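In what follows, a single structure is set out as structure tokens and then discussed.
Because the structure is predicted, anything quoted here is derived from the model rather than measured. Just so it is clear: chains get the letters A, B, ... in the order the sequence lines come, proteins before strands, and each one is counted from 1.
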Protein chains: 4
Amino acid sequence: MNRKVPTASGTTRAGTSSARRQQILDTATAVFAEKGIIGATVRDISERAGILSGSLYHHFASKEEMIIDILAPVVQSQIDEFDRIVERQSDPAEILRLVIAAEVAQSARTPNVARILRQDEHQISALGGLDEVVQHRRAIRTRVESVITNGINAGQFRPDCDPRVISLALFDLTLGAYRHLKPLGRYSTEELTKQLTAVLLNSLVVAENPSKRPAR
Amino acid sequence: MNRKVPTASGTTRAGTSSARRQQILDTATAVFAEKGIIGATVRDISERAGILSGSLYHHFASKEEMIIDILAPVVQSQIDEFDRIVERQSDPAEILRLVIAAEVAQSARTPNVARILRQDEHQISALGGLDEVVQHRRAIRTRVESVITNGINAGQFRPDCDPRVISLALFDLTLGAYRHLKPLGRYSTEELTKQLTAVLLNSLVVAENPSKRPAR
Amino acid sequence: MNRKVPTASGTTRAGTSSARRQQILDTATAVFAEKGIIGATVRDISERAGILSGSLYHHFASKEEMIIDILAPVVQSQIDEFDRIVERQSDPAEILRLVIAAEVAQSARTPNVARILRQDEHQISALGGLDEVVQHRRAIRTRVESVITNGINAGQFRPDCDPRVISLALFDLTLGAYRHLKPLGRYSTEELTKQLTAVLLNSLVVAENPSKRPAR
Amino acid sequence: MNRKVPTASGTTRAGTSSARRQQILDTATAVFAEKGIIGATVRDISERAGILSGSLYHHFASKEEMIIDILAPVVQSQIDEFDRIVERQSDPAEILRLVIAAEVAQSARTPNVARILRQDEHQISALGGLDEVVQHRRAIRTRVESVITNGINAGQFRPDCDPRVISLALFDLTLGAYRHLKPLGRYSTEELTKQLTAVLLNSLVVAENPSKRPAR
DNA sequence: TATGAATGAGGTTTCATTCAT
DNA sequence: CATGAATGAAACCTCATTCAT
């Protein structure tokens, strides 16, 4: 029981990770995205999963556990991705470019989770038991700030840009990416990445000479 | 906060706009901002207002009415402001600059409302009875999109920028402005406006020649 | 609001101590005694009180609070009584006599509470939030043990009596007193006290001479 | 524990008395004693038995059947023992002495069952299907009362002792015996029997002359 | 206007029990 | 015999709202 299933992260918890469980989790993700973490009732989820509400508790200890199991792997993978990026790259501009690409890709892969993270930021903070998730997200933001600061100190980024403002902007914009992406929107991941990279980096990188304008 | 706007709609019902009513509304705004529209209970608000929960209903017909009375005037004033701007200005870049400034100023004036609009976007859409507010906000966004399209058509903005992306980005960033502003943050309204204008316009405006780079 | 009503102890809590509250509390005491702390549902209580189950929560924060508010004053008064006794008396036999009388009197005054304390000892220990009550009861028992030990050391009580056994016996018997008392049973408080005193003290007191046999 | 008594009734249904069944029953007894009949869930028991909760129902038709199968044999053996005693003895004092000894011995043999009988008296009465057990226990008490009455009528016991009080006291004290017994407590069965006999009989037997005091 | 009691619908959760595999 | 998924009733509790005083 509870063999470590590759849930895209090491977040396997109490509940068994059966196929049914994952199926319910997917349903729940959609419902949470549609109605919000609080607005979505356990009955909403169970009905859509073709189950009685009490039966959910065979798979999950609580509504909160469902939410954690939905969000934690994604946030963890964001951190992992970030780690991989800064491991391979040292150029601040390049790092930011890759971070934006990664975040947009994540939004494309798990749009419902992105929507939840964006819409229910408040409830997530207040939920208790999601402290880990919240802290992880804060951790990434802080590290992106550092990257920007490094870029400024290296003379590569404009000194009049506040790293905190830019960092928050980066996540504000990439988190909302799901609104533009297929199938709902008209953009592919790559095209949207280009757009957002342009918005965020053009304002940041010092234009040494016209031929080297960073984003097109 | 919340100068007596014509209430933007016929939503004013039972309660006349007494001083007490406004005082409760201010308290409610703070509580909604802190706990979210759903998370904040009528009792939370009444306790903070030094009143019993039942007594709130002498001033407001429902929790929903409170929310409407909090949000509608602000959103209406955003529209009015926008109207005033496009009335006086025709240059797209200049319009965007002024819109950004206006939005940031609004965030500075009513930070709690900004926080509510940002955090509870979802509940606001789903609440029913706030359709007006929701439509107003959508209306502004559409009109900003038009302005950007005009700029592109006029050759002033880059053709590879999607007006919808930029428009959403503009509101994403300005709505979150309250996080940087005093008294919580370190920025004055003007300084933050400069930062955000840089982020948004640098990527947009065609750099005809170096001496004309739009934002510093 | 919440003026300190003389609840027979200092246990006034969050909920207002209105007349209605006390009335509900009395009803609840009867229901708890009949069906047991767990067996009695919030609906059982509210129905008998002529109220909807949700309305109980206007008066009490939780079922647990009800239980605490029922038990704590009685247990506290037991402690107070015990304090008063040992203040005035130093003779161990006399103390025990008075303790037995006090416990029986308590059982007569609040038979339902006695029944709850006796029947739901287990749930009370496990409930959490009743630690105070549980510890109080344990405290009295320990102090009665000391009194018995003193009696033994003074040569007044038989040395082959275990204070712990006698102490537990004393509370076992007096707690069950409500079963014999009017109106349910056939005994008055005084008569039953006599009976139980006989049972407990005859075995304890060293019979110095026939004319001084302790209980009749 | 629980020698294969003829089950005292026709309650044995689905499960044959396999070794596994008895093993689960022992586990259940411990859990019921620890958490109480209601507090102990079927899952608690099954977990401790290393089984899934649903699988319990291959051995028992219901939770109630488990309880019956735990309690009935013990209560039945108490009755049998009592029968054996009154068969051989006619002296009321001697009968009581032997009854006390038998009850304490039972408490020593099956302390968990004793604890259940003592703690969950209420739930047992209310459970339905345990009527037999309840009636058995009541039957013994009534018969002990008769013995005491006989003793009074014979001039052997004090006339001012109420048989009902003494009878209840006897079972109150012996049922609680498990609290004093090894391995938890410090007493052997014999020593505790002596103590309790002293408490109960000293108050009862008419002291004809000092040399004949009944209990030491 | 304010109070305080009450409503009633609905929320999350628990748990004994059933049953196909 | 055991599993694991599911059931369904019922438990405790929340909360926006109403209303007599």
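- The structure places CZ of A:F60 at 4.5 Å from CG of A:L25, a figure rounded to the nearest 0.5 Å.
- With D:K35 contributing its side chain and C:H122 its backbone, the two residues share no donor-acceptor pair below 3.5 Å.
- Here the shortest heavy-atom pairing between C:I70 and C:F32 reads CD1-CD1, 3.6 Å.
- Listed by chain and residue number, C:R48 satisfy the side-chain hydrogen bond (donor to acceptor under 3.5 Å, both in side chains) test with C:E34 (two or more places apart in sequence, or in another chain).
- Under the rule for a salt bridge (Lys or Arg N to Asp or Glu O under 4.0 Å), C:E47 has no partner lying at least two apart in sequence or in another chain.
- Minimum interatomic distance between B:I38 and A:G39 (heavy atoms only, all atoms of both residues): CD1-N, 4.5 Å.
- For A:H58, no side-chain nitrogen or oxygen approaches OP1 or OP2 of F:dT7 to under 4.0 Å.
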(request) Fill in the dot-bracket string of DNA chain F, one character per base: . for unpaired, | for a pair to another strand, ( ) or [ ] for pairs within the strand, taking Watson-Crick or G-U pairs under 3.5 Å. (result) .||||||||||||||||||||
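- Separating the CD1 atom of D:I67 from the P atom of E:dA16 is a distance of 10 Å, rounded to the nearest angstrom.
- Remark: P of E:dG4 and CG of B:L56 are 14 Å apart, rounded to the nearest angstrom.
- Residues passing the side-chain hydrogen bond (donor to acceptor under 3.5 Å, both in side chains) test with D:Q23, sequence neighbours excluded: D:R20.
- Judged purely by distance below 3.5 Å, without hydrogens or angles, the side chains of C:T29 and C:D26 never pair a donor atom with an acceptor atom.
- The interatomic distance linking D:I24 (CD1) with F:dC1 (P) rounds to 10 Å, in whole Å.
- The CD atom of B:E65 sits 14 Å away from the C1' atom of F:dA16 (whole-angstrom rounding).
- The residue among A:A40 and D:G39 whose nearest nucleotide of DNA chain E is located toward the 5' end is A:A40.
- Toward the 5′ end of DNA chain E lies the nearest nucleotide of B:G50, the other residue of the pair A:S62 and B:G50 mapping further downstream.
- If you check F:dA6, E:dT17, F:dT3 against the side chain of A:R20, the one that comes closest is F:dA6.
- In this structure A:T110 satisfies the side-chain hydrogen bond (donor to acceptor under 3.5 Å, both in side chains) test together with A:Q106, sequence neighbours excluded.
- Nearest-nucleotide positions on DNA chain F place D:G54 closer to the 5' end than the other of D:G54 and C:I38.
- Taking atom CZ on B:F60 and atom C1' on E:dT1, their separation rounds to 14 Å, with Å as the unit.
- The side chain of B:R43 places no N or O atom within less than 4.0 Å of a non-bridging phosphate oxygen (OP1 or OP2) of F:dT17.
- For the pair A:D44 CG and E:dG10 C1', the computed distance is 11 Å after rounding to whole Å.
- An OP1 or OP2 oxygen of F:dC1 is reached within less than 4.0 angstrom by no side-chain nitrogen or oxygen of D:R21.
- A heavy-atom distance below 4.0 Å to DNA chain F is reached by none of the residues of residues 25-37 of chain A.
- Going from atom NE2 of A:H59 over to atom P of E:dC15 covers 18 Å, rounded to whole Å.
- In this structure, D:I45 places its CD1 atom 11 Å from C1' of E:dA16, rounding to the nearest Å.
- Nucleic acid contact for B:I51: sugar-phosphate only, since backbone atoms but no base atoms lie under 4.0 Å from a heavy atom of the residue.
- Salt bridge present: B:E65 and B:R21 bring a charged side-chain N and a carboxylate O closer than 4.0 Å.
- For B:S53, counting side-chain heavy atoms from C-beta on, the closest listed nucleotide (F:dA11, F:dT17, F:dA5) is F:dT17.
- DNA chain F is contacted by both C:Y57 and B:S55; C:Y57 maps to the nucleotide lying nearer its 5′ end (nearest heavy atom per residue).
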